[in-house]
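Notes follow the structure.
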Amino acid sequence: MSEKQQKIIVPALGESVTEANIGRWVKKVGDIVEQDDLLIELETEKVTLEINALASGVIVDILAPEGTKVQVGEVIGLMTIRGRNESKKSEWAAIPSQAAVDRTQTLKSKNTILSPAVRKLVQEHALDSKQISATGKDGRITKEDVLSFLKHIPADVSPSIPLEVPANMKPQSDFVSDNERSEERVRMSRLRQTIAHRLKEAQNTAAILTTFNEVDMSKIMDLRNHHKDKFEEKYKTKLGFMSFFIKACVQALKEIPTINAEIDADEIVYKNYYDIGIAVGTPNGLVVPVLRNVDVLSFADIEKSIAELALKARDGKLTVKDLSGGTFTISNGGVYGSLMSTPILNPPQSGILGMHKIQQRPIAIEGKVEVRPMMYLALSYDHRIIDGAE
């Protein structure tokens, strides 16, 4: 039986990205893994990356626990690799090193922090959390663990801390319990930290001005409704409003090239290509995947690309390349019901368009009041190089 040890190393993370945070260890010490099994999730300033097992084996040590900042090329764990002739999983075994065992115990002891819901149950029933078996992530106690523990407590056992309430005192339910005023600290993900830094950087650096306009969506809606069925039948993708706006933005960027430019020191860099970023909200935060060379893409190409990027964003599969570059950004707050907002620039870009909710509103048309589907548009731009007149 051949056996050797393999290091789990932080791989190259993409252009200009040299460090990451350990987001989540999917496998723990002692776990059996097969080749290509997901081992760990790394959080970078742009995306969450997955590290898969290069071979089958057993995790014998975790050198960098969750939340640790690591560098490209750093060793973060160890695996025992067995020969290819090893066929039965039941025969796989690994004895973790004493250092790994001690480290695991230390991690468990650090994870005795209870969530607000769990802490409330424990305090209400005057329980000792050390007596409750934990099944949650990293040895944390879950609400289900507490409820299960309570089911096995004999009915005639009284709480360890009896409470005597004077007859003239109001019931405890009339007061706000300290348990309801609890706090919980959660580490910001690497992506969230980067989002916060970049948004603040934009406000500190650029002279951001936002101009509002409104558009009557009647003609676009009629055009879309007329073609959407045949469009979907022919191209196997839905016809949305975003492709109309992207095409309109490209035409505007060609007419006013300063909005497609950026400032570099004391120079203005004009871009003769049109890479449009589409802001997408995900469970991990806001990301802006980029559609390349949209000026030469058809409506179908744009809609398919948007659908593909949205799916990758939802599944956490976006790459650094998907998020790099971009000459202009579009953000659609209307999908969340937003009626108006002031979008913040995505540095080093000089412009961002905010789309919003389509709402039926009365407007004056040739001296008559009509109800039309209206949308507010907000264009935020860097006033250092773009004048309001433009």
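These numbers were taken from a predicted model, which means no experiment stands behind them.
Other residues, nucleotides and ligands contribute over 12 non-hydrogen atoms within 6.0 Å of the CG atom of N225. Within a 6.0 Å sphere centred on CZ of F212, heavy atoms belonging to other residues, nucleotides or ligands number more than 12. Within a 6.0 Å sphere centred on NZ of K357, heavy atoms belonging to other residues, nucleotides or ligands number 12 at most. The 12-atom threshold is exceeded at CZ of F231, counting heavy atoms of other residues, nucleotides or ligands nearer than 6.0 Å. Under a cut-off of 6.0 angstrom, the local environment of CD in Q360 is crowded, with over 12 non-hydrogen atoms contributed by other residues, nucleotides or ligands.
Salt-bridge annotation for E303 and K234: absent, with no side-chain N of the basic residue lying under 4.0 Å from a carboxylate O of the acidic one. Remark: R24 engages E41 in a salt bridge, criterion side-chain N to carboxylate O under 4.0 Å. Electrostatic pairing of E370 and R372 counts as a salt bridge here, judged by a charged N lying under 4.0 Å from a carboxylate O.
Side-chain contact, T210 with S380: a donor N or O sits under 3.5 Å from an acceptor N or O. For T327 and D275, the side-chain atoms include no donor-acceptor pair closer than 3.5 Å. Side-chain polar atoms of T329 and Q349 form a donor-acceptor pair below 3.5 angstrom.
Figure legend: cation-pi geometry between R361 and Y376, with NZ or CZ positioned under 6.0 Å from the six-membered ring centre and within 45° of its axis. No cation-pi contact links R224 to F244, judged by a cut-off of 6.0 Å to the six-membered ring centre and 45° from its axis.
The shortest side-chain heavy-atom distance between L42 and N21 does not fall under the 4.5 Å cut-off. Side-chain contact between V60 and Q5 is present, with heavy atoms from C-beta onward closer than 4.5 Å. Put simply, the side chain of V215 does not reach to within 4.5 Å of the side chain of M374, judged on heavy atoms.
Atom OG of S243 and atom CD1 of I306 lie 6.5 Å apart (nearest 0.5 Å). We find the OG-CD distance between S56 and E34 to be 4.0 Å, quoted to the nearest 0.5 Å.
Ring centroid separation for the pair Y235 and F299 does not come in under the 6.0 Å cut-off.
Cluster annotation: L345 and I256 are assigned to the same hydrophobic cluster (Ile/Leu/Val/Met/Phe/Trp/Tyr, side-chain heavy-atom contacts under 4.5 Å, transitive). Cluster annotation: L323 is not connected to V290 through the hydrophobic network of ILVMFWY side chains, with a link wherever side-chain heavy atoms come within less than 4.5 Å. F149 is connected to L147 through a chain of hydrophobic side-chain contacts under 4.5 Å among Ile, Leu, Val, Met, Phe, Trp and Tyr, so both are in one cluster.
With sequence neighbours left out, E308 forms a side-chain contact (heavy atoms from CB on, under 4.5 Å) with K312.
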- request: Using the side chain to side chain contact (heavy atoms under 4.5 Å, CB included) rule, take L78 and I8 through it: C-alpha gap first, then chi angles, then the decisive distance, then the call.
  value: CA-CA 6 Å; L78 299 173; I8 303 173; over 6 Å; no
